[in-house]
Amino acid sequence: MQGQCPHIQTPRGNLKGSAIMIKKYVFGTPFPTNAVVTEMETAKDKLPFLETDNQGTFTYALSENDIVYGLGEQIRGINKRGWQYVSWNYDNPNHHEDTRSLYGSHNFILIRGDVTFGAFFDYAGKMEFDIGYTRRDLMQIRAAKNDLVVYIITGENEKDIVKQFRKIIGRSYIPPFWAFGYGQSRWGYKTEQDIREVAKQYQAAGIPLDSIYLDIDYMERYKDFTVDTERFPNLKVLAEDMKQQGIHLVPIIDAGVKIEKDYDVYEEGVQNNYFCKNAEGGDFVGAVWPGRVHFPDFLQPDARKWFGKKYAVLTEQGIDGFWNDMNEPAIFYTEDRLADTCAEIEKLTSGNMGIQEYFAFTGMVAGLNGNIGDYDKFYHNVDGKMVKHSEIHNLYGMNMTRSAFEALQEICPEKRTLFFSRSSYIGAHRYGGIWQGDNKSWWSHILQSMQQLPALNMAGFLFTGCDTGGFGCDTTEDLMLRWLQYSLFTPLFRNHAADGTREQELYRFNNVAAAGEMVKIRYSLIPYLYSEFLKAALHDEMMFRPLAFDFPEDAEAAQVEDQLFLGNELMIAPIYKQNAQGRYVYLPEEMMLVRMKSYDNYETEILPKGHHYVPVALDELVFFIRNQKAIPFAEPAESTAKTDLSTLRLLGYADASYELYTDNGVSPDPEDSLSVSTL
Ligand code: MIG
């Protein structure tokens, strides 16, 4: 089969006539994950499409033209065929093509081909997706134990299958309107002065800004819900001053709670048994940023409530946005393993350390971080029963997010709070967004982020985006410009970098003006992005789609891995290659190319269906408006607070209209203030 030209045959099965259905199949005694919110009967018939050995393994023979979509936040392409992926939430700041696990586990796939169907493997422990890795023509999915629920979904087409799935997992989180503004972040802003400087420089450069993020350094020795008053003497005043300029401060909260006498979070957690336990029944000890920590047992409803209420410490100081970090949970080391490792190292280093010993030594040290064995060493209290962490590992981050979301609904019932997390599982999309974790200032990571977007949307995660400019490693001006030209389309648009890397606030670059224009164009696009986001959230649809989802009969569209539809009107085709002065683009229909140097300096050109080479200068943004469509376009503003919807004009085909969704941007339920108008 290999080498067969995929263009000859339309890679698509006979969907028409196949019954629309979602069916639920239960194996063993699954742990309730809370991913699916719709009550469903368990099907009595045999599992369709997939073969199972009733030991947790599910197989499917792949035909040459089958495409497998999904898996949310994972590496590699939009079509997942050709690799093995492992659902095991993992802190991996060094991810690349060889990686198998990232921060989230999103076990929903859509197979499209001879037969087209969706499958969700609702399982909280470790799970493998061998999608043509061991054998090119075979998909083998393995849960660590045969205790899971499998949902099988068929429908009219790919979009319909996703929509049905999204319906049973519940409505996606909708952030406040201001969360669509541009945000500046950096691990390394250490003082109030650093923050004020960022705001000042952005203002001086005339670049819009809606948020500045506070990384771990604002805390007192990395203790959650504390503020270091030496470096941030008055957070409340700082937050107020920033708000005056339209800037929201967004602090980080970590999963681990520092072990420190008289620290309220620690003391209360110990007293009430809110922390995860070790096998002996004591509070489990791991080490992360603060040194030795306990991990809140977010699976206990009471612990969730208790931890969630702590966010009030910050909301009382005017904070209305948060990001949750290290909630896989990341563990740098455990005391036991550290002690064993030190003893081994002692042995290794006492003699002559040859090459074998040297590699054993470095391996042992590197192996401390996120060691899979450590996740077998602690337990959750689930209705009085002790459940080993590794069996429910992938639910931890989701329940931390849930804790915050539910508490914030009580703390600030009148408004939405910006909220996103690093770790997640399907279901977490109802409580907050996610960012795509620690990427690098690598060209390949622009594409990697983009390829995750449709899969994340399939799994319900709409509010997402990556660290623009790259988190680890040193960025460059051209990389940043290209990155902006991609990220300005993603709901979460945040420039973030790691401590010690080259500074990448936009005012640091030589061509500040070009970077600033890109951010301004983002602000012009916000009415469209927000409107399409609302539509996707309210109608259980995907905001970002592979080309094939809208052109299922087009065999070439099925091959496209680096272009996406954004909403119903746009197609994006970013540049992600070093020194590229343009790129090839495939248009599955006639479209209008828009070439912008700034929001008020642009050209358009109608291009016919087919392949085109499109030159794109470094300071230009190129995107495509679909045939006979138009988008709303605003005057840019300094911040979303000043976005003026009364100045909207239409950009695109003459005579086209656009259905604009707006709301007041703050009410917890957007439907309370939703307005739909035709422009
Ligand atoms: O061990 O808080 O992904 O965004 O800047 C690193 C410091 C901890 C990881 C997050 C990153 C954040 C960093 N954190």
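Start at 1 and go down the list; that is how both ligands and their atoms are numbered. Hydrogens, waters and symmetry mates play no part in the numbers below; they use all other heavy atoms, side chains included.
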Could you pull out the N/O contacts under 3.5 angstrom between ligand 1 and the surrounding protein atoms?
from: ligand 1; atom 1: 1 (O); to: W289; atom 2: NE1; distance (Å): 2.8
from: ligand 1; atom 1: 2 (O); to: D215; atom 2: OD1; distance (Å): 2.5
from: ligand 1; atom 1: 3 (O); to: R422; atom 2: NH1; distance (Å): 3.0
from: ligand 1; atom 1: 3 (O); to: D438; atom 2: OD1; distance (Å): 2.5
from: ligand 1; atom 1: 3 (O); to: D438; atom 2: OD2; distance (Å): 3.4
from: ligand 1; atom 1: 4 (O); to: H496; atom 2: NE2; distance (Å): 2.9
from: ligand 1; atom 1: 5 (O); to: D215; atom 2: OD2; distance (Å): 2.5
from: ligand 1; atom 1: 5 (O); to: H496; atom 2: NE2; distance (Å): 3.0
from: ligand 1; atom 1: 14 (N); to: D325; atom 2: OD2; distance (Å): 2.8

(request) Please find out if less than 6.0 Å separates the ring center of F295 from that of F275. (result) no
(request) Kindly check if the number of other-residue, nucleotide or ligand heavy atoms within 6.0 Å of CG (N94) is above 12? (result) yes
(request) Taking atom CD of Q300 as the centre, report whether more than 12 heavy atoms of other residues, nucleotides or ligands fall under 6.0 Å from it. (result) yes
(message) Quick check for you: to the nearest 0.5 Å, what is the distance between Q578 atom CD and W443 atom CH2?
(response) 6.5 Å
Listed pairs under 3.5 Å, donor-acceptor, residues 253-261 side chains, sequence neighbours left out:
from: K258; atom 1: NZ; to: P290; atom 2: O; distance (Å): 3.1
from: E260; atom 1: OE1; to: R221; atom 2: NH1; distance (Å): 2.6
from: E260; atom 1: OE2; to: K223; atom 2: NZ; distance (Å): 2.7

(request) Ignoring hydrogens and angles, state whether a donor on the side chain of E505 or Q201 is under 3.5 Å from an acceptor on the partner side chain. (result) no
